[in-house]
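These notes are about the structure you will find just below.
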Amino acid sequence: MQKSILITGGAGFIGSHLVRLFVKKYPDYKIINLDALTYAGNLENLKDIENEHNYQFIKGDITDPATVGRIFANHNIKGVIHLAAESHVDRSIANPLEFINTNIIGTVNLLNAARMQWKDDPKNHLFYHISTDEVYGSLGNEGLFTEQTPYDPRSPYSASKAASDHLVRAYYHTYNLPVVISNCSNNYGPNQFPEKLLPLAINNIFNNREIPIYGKGENVRDWLYVEDHAAAIDLIFHKGTIGETYNIGGLNEWKNIDLIKLLCSIADKNLNRKEGASEKLITFVKDRAGHDKRYAIDASKLINELGWEPSVTFEEGLQITVEWYIKNYDWIKRVISGEYEEYYNKQYGI
Ligand code: NAD
Ligand code: TYD
């Protein structure tokens, strides 16, 4: 029987890149994509592979135990790669409960179903939980997050992800559920919903709209190209050690203001604008509540033990990303045609 892998959240940003990678690279696996298609989920992201023989989409909500239980009962699920989540910090500040529901309750539903289904043969299965570096809290000017850094989440989003990580580990220790966890830094690339900094800025540049920078733009993030995250997930899924955690990061720290200036100059070149034209759109706005100062990942365990390395430099990745958004401007227009404008007005008071 074909080995079925359940990927949750496969219609989202990172999930769609991961689903594509697995469908193309592993024709012998059946890839089942379970996604509720929230505002962040978009089947258009997977148009190119939707008819592949080894791909199946199921629209469903991980917070519903019956849906999750049915999938485990009807398919021979050998592995789960769990990405479905509410993922945007600003939305978590506005509405924490949704994050508790999806990120914590949804994860427990999946853990329960896997535990029940795999109890007689735990060895030949794997529950892989995809998490974020934000669970570690906020760094000062020095230091990096390692796998040993104590958890110190500060936003409702990161607290909900931290809770889900703890529960995954609890199922490993309590029920011997075979699990692995990775915590990754900020991703960028094609198909990211334009509520996150980079696609939001790109969209605003296209429209000559102000680019909102929180506070003074001094906060630092460690940026990784989304396909390099997907490649790391592939490696950890196949070669990672059960019960372990792996940090994934780009060794690529940028202050928000410097990042946006670089983006503006790449955009000017690609849009044939006068050098400096897009930078004029930068506008400093009220800071995010509890805004974490700096994230930076020590990925040496993943690099040394599993041989992972990023495939593109940041300049290459940004260039690919800007070109993709220019070429796929209709994609942005479609994803912002729903509740986006309402969200944007509430968030930025414009
Ligand atoms: P995203 O918001 O783009 O996509 C999330 C997907 O999950 C969407 O397709 C959505 O429809 C689906 N979903 C949401 N609630 C659901 C539910 N109740 N049931 C089923 N599906 C549901 O998110 P992303 O940026 O692709 O992040 C994916 C995962 O990676 C998340 O777990 C996130 O915490 C983690 N992560 C993200 C980043 C990043 O920079 N984006 C970095 C590290 C880790
Ligand atoms: P974001 O893309 O929301 O990712 P995260 O908060 O998960 O790191 O934000 C990246 C950084 O950019 C973060 O420091 C907040 C900042 N930011 C802005 O300055 N302006 C914006 O409009 C947004 C969305 C983010």
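Counting convention: from 1, in listed order, for ligands and their atoms alike.
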Inset, instruction - Indicate whether the side chain of Gln319 and that of Glu323 have a donor and an acceptor atom separated by less than 3.5 Å. - result: yes
Legend entry - Sole candidate of Val226, Ile130, Ile81 that passes side-chain contact (heavy atoms from CB on, under 4.5 Å) when paired with Leu18: Ile81
Inset, instruction - Using a 4.0 Å heavy-atom cut-off, say whether Tyr39 meets ligand 1 through its side chain, its backbone, both or neither. - result: neither
Inset, instruction - Just jot down the ligand 2 atoms closer than 4.0 angstrom to any heavy atom of Glu195, in number order. - result: 24 (C)
Legend entry - ligand 2 contact by His291, heavy-atom criterion under 4.0 angstrom: yes
Inset, instruction - Answer with yes or no after comparing the ring centroid distance for His238 and Tyr29 against a 6.0 Å cut-off, counting only values under it. - result: yes
Legend entry - Nearest-contact summary for atom 20 (C) of ligand 1 - protein heavy atom, Å: Ala36 N, 3.2 Å
Inset, instruction - Taking all non-hydrogen atoms of both residues into account, name the closest pair between Lys239 and Leu306 and its distance. - result: O-CD2, 3.6 Å
Legend entry - Subset of ligand 1 atoms that lie under 4.0 Å from at least one heavy atom of Leu37: 11 (O)
Legend entry - Region of Thr8 engaging ligand 1 - heavy atom pairs below 4.0 Å: neither
Inset, instruction - Could you say whether the N/O atoms of Ser131 and ligand 1 ever approach to under 3.5 Å? - result: no
Legend entry - Heavy-atom nearest neighbour in the protein, as seen from atom 37 (C) of ligand 1, with distance rounded to 0.1 Å: Ile14 CD1, 3.4 Å
Inset, instruction - Quick one: list whatever passes salt bridge (charged side-chain N to carboxylate O under 4.0 Å, His left out) with Asp64, sequence neighbours left out. - result: none
Inset, instruction - Could you note down all residue pairs passing ring-ring contact (aromatic ring centres under 6.0 Å, His included) where residues 181-203 supplies at least one of them, sequence neighbours left out? - result: Tyr39-Phe193, Tyr188-Tyr225, Tyr188-Phe314, Phe193-Tyr340
Legend entry - Any N/O pair Tyr157/ligand 1 closer than 3.5 Å: yes
Inset, instruction - Counting heavy atoms only, name the option from Leu197, Asn187, Asn204 that's nearest to atom 10 (C) of ligand 2. - result: Leu197
Legend entry - Heavy-atom nearest neighbour in the protein, as seen from atom 2 (O) of ligand 1, with distance rounded to 0.1 Å: Ser87 OG, 2.7 Å
Legend entry - Candidate with minimal heavy-atom separation from atom 14 (C) of ligand 1, of Gly106, Gly41, Ala85, Ser160: Ala85
Inset, instruction - Measure the acute angle between the ring planes of His88 and Tyr343, then classify it against the limits of 30° and 60° as parallel, tilted or perpendicular. - result: perpendicular
Inset, instruction - Could you pull out the closest heavy-atom pair between Tyr295 and Leu139, with the gap in Å? - result: C-CD1, 4.2 Å
Inset, instruction - Would you please indicate if the ring centroids of Phe237 and Phe22 are separated by under 6.0 Å? - result: yes
Inset, instruction - Would you kindly specify which portion of Asp35 sits under 4.0 Å from ligand 1, judged on non-hydrogen atoms: side chain, backbone, both or neither? - result: both
Inset, instruction - Compute the shortest N/O to N/O distance between Thr38 and ligand 1 and return yes if it is under 3.5 Å, no if not. - result: yes
Inset, instruction - Could you say whether the N/O atoms of Asn186 and ligand 2 ever approach to under 3.5 Å? - result: yes
Inset, instruction - Using a cut-off of 6.0 Å, state whether more than 12 heavy atoms not belonging to Glu342 lie near its atom CD. - result: no
Inset, instruction - Among all protein heavy atoms, pick the one closest to atom 22 (O) of ligand 2 and tell me residue, atom and distance. - result: Tyr348 OH, 2.6 Å
Inset, instruction - Find all atoms of ligand 2 within a distance of less than 4.0 Å from any non-hydrogen atom belonging to Ile213, and give their numbers and elements. - result: 19 (O)
Inset, instruction - Ignoring angles and geometry beyond distance, decide whether Asn219 reaches within less than 3.5 Å of ligand 2 through its nitrogen or oxygen atoms. - result: no
Inset, instruction - Examine Asn256 against ligand 2 and note whether any of their N/O atoms are separated by less than 3.5 Å. - result: yes
Legend entry - Nearest neighbour in protein (non-hydrogen) for atom 20 (N) of ligand 2: Pro212 O, 2.9 Å
Inset, instruction - Nearest 0.5 Å please: distance from the NZ atom of Lys119 over to the CG atom of Asn176. - result: 14.0 Å
Inset, instruction - May I ask you to check whether Cys184 has an N/O atom sitting below 3.5 Å from an N/O atom of ligand 1? - result: no
Inset, instruction - Please confirm whether Arg221 comes within less than 3.5 Å of ligand 2 when only nitrogen or oxygen atoms on both sides are compared. - result: yes
Inset, instruction - Examine Leu200 against ligand 2 and note whether any of their N/O atoms are separated by less than 3.5 Å. - result: no
Inset, instruction - Could you find the nearest protein heavy atom to atom 7 (O) of ligand 2 and give me its residue, atom name and distance? - result: Glu134 OE2, 2.5 Å
Legend entry - Proximity of His82 to ligand 1 by residue part, where a heavy atom lies under 4.0 Å: neither
Legend entry - Cation-pi, Tyr214 ring and Arg288 (6.0 angstrom, 45 degrees): no
